[in-house]
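Down below is the structure, laid out as structure tokens.
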Amino acid sequence: MRRLRWAVDGGGWEVDAEAPVTMEGTARAVPGDPLPLGLSRGGRLSRSKQLDFLHRFMASPLVPSFAGDPANGGRGLLLHHAHAFHIRDNWSVTVLEQFNLQNFVASLKETASNNLEDKSLPMTIARNIIEFLSLGCGSELLISPESSLLFEIYNDKKRSRGKAHCVYLQLQRHNLMLEAASPGLFVDKKGTYWDVPLSMAIDLASVTLDSGLNYHLLLQHNSGQPKHFGGNEKTEAPMSLLPGLCAKVAISMKKHVEFWRKKEGKLKLVQPYDVFLSNPHISGVSIFGAVASASLGENSARYVKKMLRSCNSFNLCFQKNNFGLFSDLFASFTFKAQLGNFQRLFFDLTKFDAHLDFPSGTTFIWGASSLAKNIYNSQKPDAISIRAICPNLRVSLQQQIVGPISFRFDSRIVLDSENGKYLAQLDDQVFAIDWALKVLGSAKASLWYSPKHQEAMVELRFFEG
């Protein structure tokens, strides 16, 4: 999960993951049961807009990213640039350029080792520049201050990619998103990328700021057989990406509790580096809900696999021919603590977030009842029951270093059993350097790196408290 927005978006709603492997810069999570539901609910800033902002206001003509080791199917070190043209006040066109610097340098070394003549060397370099340069084009139309229409097309040398995205934000306290991508890029829990020839989705979510009832509806259609992004044909594709139509609905109750907040102690006439991080506080968010989904097509085969494991869960599953039904409960708890007002030059911000996610309530109930039975019979608890009651735990720590610069560490904590002992281990760590853009109130440029997936990226984020 190479993202740092999980604590901000709250609850179990899955957000789009950053994906440096393509020019688009994002990938959707592989649909699972009961979560994720699909598209993120918050406002999104396209990659072309991010690059244009970094060029204009942060003096960064080239924005780097790293997408794995080329020897392992990655793309190496990449450089990005965008040219934005404003046709009208509400209509812009952007041309994107992506240059594979790592492959270009490797090609130059190979050329030099071949002892080419000086006359042919400039032509060889020019051909290599063209070979490792990918182009993209996007057009964005602001229909209203709350809605936009985005078209993008890329040529990344492997295959052409296209995407149409329509967003209606806070449409009568709702977020409505319509998206079509060919191919659609997905990422699973292991960090493996998958291409679906055609993916279309309609996502509607209610908007509740602090506490209240939420509901989320998703209709998704996949067409064509999914393929491994790196070309590894031996890897089996997730069943939820197989061709078919899937409809999901989730209803949840959200409760926000503030345990402590300090409003005094701020420096007068001094603007904080981020207004959303200017008040020390301790708070928590709890979410309880239920989700149901229906699938029609080859993707309903995943329910057969779930029914084969029905002894480990009380999931309500039904599958017949190419039709499947599934329902479950879920819950999540988020704890946030912050010290400092983020105004002073040194160490004026320390922020800790912890997120516990119970993606399957029925599995938790089965695990708890199984453990109770083992204890009652004076038996040793089995590992499957213990894992069933353990939530998905993720923590994040942010510390100001100097001025607007802060360091952030994000990691998942997993329970590993060895020789009958259970040990908590860090997994899927992400290291990040955030640069708060003080003049914008609440915005930051973030450089993050994931050692497990060998990925790094520079991006912009707004209004993340």
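For clarity, every value in this text was computed on a predicted model and none was experimentally measured.
Two residues are said to be in side-chain contact when any heavy atoms from C-beta on lie closer than 4.5 Å; Trp366 and Ser385 meet this criterion. When side chains are defined from C-beta on, Gln338 counts as touching Leu277, because their heavy atoms get closer than 4.5 Å. Counting heavy atoms from C-beta outward, Phe364 and Pro391 have side chains that stay 4.5 Å or more apart. A 4.5 Å side-chain heavy-atom check between Ile413 and Leu426 finds at least one atom pair inside the cut-off. The side-chain heavy atoms of Ser283 and His256, taken from C-beta on, include a pair separated by under 4.5 Å. Between Ser134 and Asn155 the shortest side-chain heavy-atom distance does not fall below 4.5 Å. Here the side chains of Leu101 and Leu78 are not in contact, with every heavy-atom distance at 4.5 Å or above. Using a 4.5 Å heavy-atom threshold, the side chains of Leu213 and Ile251 count as touching.
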Side chain to side chain contact (heavy atoms under 4.5 Å, CB included) evaluation trace for Tyr154 with Thr22:
CA-CA 9 Å; Tyr154 308 101; Thr22 63; over 6 Å; no
Walk me through it: do Val395 and Asp353 pass the test side chain to side chain contact (heavy atoms under 4.5 Å, CB included)?
CA-CA 6 Å; Val395 296; Asp353 295 324; over 6 Å; no
For Asp428 and Ser450, what are the C-alpha separation, side-chain angles and deciding distance, and is it a side chain to side chain contact (heavy atoms under 4.5 Å, CB included)?
CA-CA 7 Å; Asp428 203 2; Ser450 171; 4.2 Å; yes
Can Asn175 and Leu204 be said to form a side chain to side chain contact (heavy atoms under 4.5 Å, CB included), step by step?
CA-CA 6 Å; Asn175 284 353; Leu204 176 66; over 6 Å; no
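Among residues two or more places apart in sequence or in another chain, the salt bridge (charged side-chain N to carboxylate O under 4.0 Å, His left out) test is passed with Asp382 by none. With sequence neighbours excluded, the residues forming a salt bridge (charged side-chain N to carboxylate O under 4.0 Å, His left out) with Lys452 are Asp427, listed by chain and number. Under the side chain to side chain contact (heavy atoms under 4.5 Å, CB included) criterion, Glu298 pairs with Gln225, Leu242, Pro243, not counting sequence neighbours.
A side-chain donor-acceptor contact under 3.5 Å links Lys438 to the backbone of Gln271. No side-chain donor-acceptor contact under 3.5 Å links Ser199 to the backbone of Ala181. Of the possible donor and acceptor atoms, one in the side chain of Ser369 sits under 3.5 Å from a partner among the backbone N and O of Ile365. The backbone N or O of Gln398 sits nowhere less than 3.5 Å from a side-chain atom of Ser406 that would complete a donor-acceptor pair. Side-chain atoms of Asp348 come within 3.5 Å of backbone atoms of Phe342 as a donor-acceptor pair (strictly under, hydrogens ignored). In terms of modelled atom types and a separation under 3.5 Å, the side chain of Gln102 and the main chain of Gly76 share no donor-acceptor contact. No donor-acceptor pair under 3.5 Å is formed between the side chain of Glu258 and the backbone N or O of Arg261. For the pair Asn377 (side chain) and Gln379 (backbone), a donor-acceptor distance under 3.5 Å is absent.
The existence of a salt bridge linking Arg408 and Asp434 is confirmed by a sub-4.0 Å separation between a basic side-chain nitrogen and an acidic carboxylate oxygen. Ion pair Lys262/Glu264 not flagged as a salt bridge, since none of the NZ, NE, NH1 or NH2 atoms sits closer than 4.0 Å to an Asp/Glu carboxylate oxygen. Residues Asp195 and Arg161 are paired through a salt bridge, judged by an N-O separation under 4.0 Å between the basic side chain and the carboxylate. Under a 4.0 Å N-O distance rule, the pair Arg47/Glu18 does not qualify as a salt bridge. With respect to the salt-bridge test (charged N to carboxylate O, under 4.0 angstrom), the residues Asp410 and Arg394 qualify.
Rounding to the nearest 0.5 Å gives a distance of 8.5 Å between OG of Ser446 and CD1 of Ile433. Rounded to the nearest 0.5 Å, atoms CG (Leu325) and NZ (Lys320) are 12.5 Å apart. Taking CG of Asp274 as the start and CD of Gln400 as the end, the distance is 11.5 Å to the nearest 0.5 Å. Note: Leu150 CG to Glu179 CD = 9.5 Å, rounded to the nearest 0.5 Å. Between the CD1 atom of Ile153 and the CE atom of Met23 there is a distance of 11.0 Å, given to the nearest 0.5 Å. Between atom NZ of residue Lys255 and atom CD1 of residue Ile287 there is a gap of 13.0 Å, rounded to the nearest 0.5 Å.
Residue Met457 forms a side chain to side chain contact (heavy atoms under 4.5 Å, CB included) with just one option from Trp448, Phe66, Tyr449, and that option is Trp448. Screening Asn222, Val30, Asp188, Asn299 for a side chain to side chain contact (heavy atoms under 4.5 Å, CB included) involving Ser240 leaves a single residue, Val30.
Ring geometry, Phe462 versus Phe53: the interplanar angle exceeds 60°, so the pair is classed perpendicular (tilted spans 30 to 60°). Aromatic ring orientation, Phe288 versus Phe333: perpendicular (interplanar angle above 60°, classes split at 30° and 60°). The aromatic rings of Phe409 and Phe431 are tilted relative to each other, their planes meeting at an angle between 30° and 60°.
Ser65 and His80 are linked by a side-chain donor-acceptor pair at a separation below 3.5 angstrom, with hydrogens and angles left out of the test. Using a 3.5 Å distance cut-off with no hydrogens or angles, the side chains of Thr362 and Asp328 do pair a donor with an acceptor. Using modelled atom types and a 3.5 Å distance limit, the side chains of His216 and Asp203 yield a donor-acceptor pair. Side-chain contact, Asn341 with Ser278: no donor N or O sits under 3.5 Å from an acceptor N or O. Judged purely by distance below 3.5 Å, without hydrogens or angles, the side chains of Arg28 and Gln220 pair a donor atom with an acceptor atom. For the 3.5 Å distance criterion, the side chains of Tyr215 and His174 qualify, holding a donor opposite an acceptor. No side-chain donor from either of Ser300 and Asn322 sits under 3.5 Å from a side-chain acceptor of the other.
Nearest heavy-atom pair, Ser46 versus Glu140, reported as atom, atom and distance to 0.1 Å: OG-OE1, 3.8 Å. Of all heavy-atom pairs between Asp357 and Ser332, the closest is OD1-CB, 3.9 Å. For the pair Gly403 and Tyr273, the tightest heavy-atom approach, listed with the atom from each and the gap, is CA-OH, 3.5 Å. Contact record, Leu349 with Gln399: O-NE2, 3.1 Å, taken as the closest heavy-atom pair. The two residues Ile389 and Gly367 have their closest heavy-atom pair at CG2-C, 3.5 Å. The minimum heavy-atom distance between Pro20 and Ala67, with the atom names listed, is O-CB, 3.8 Å.
A centroid separation of less than 6.0 Å is found between the aromatic rings of His228 and Trp194.
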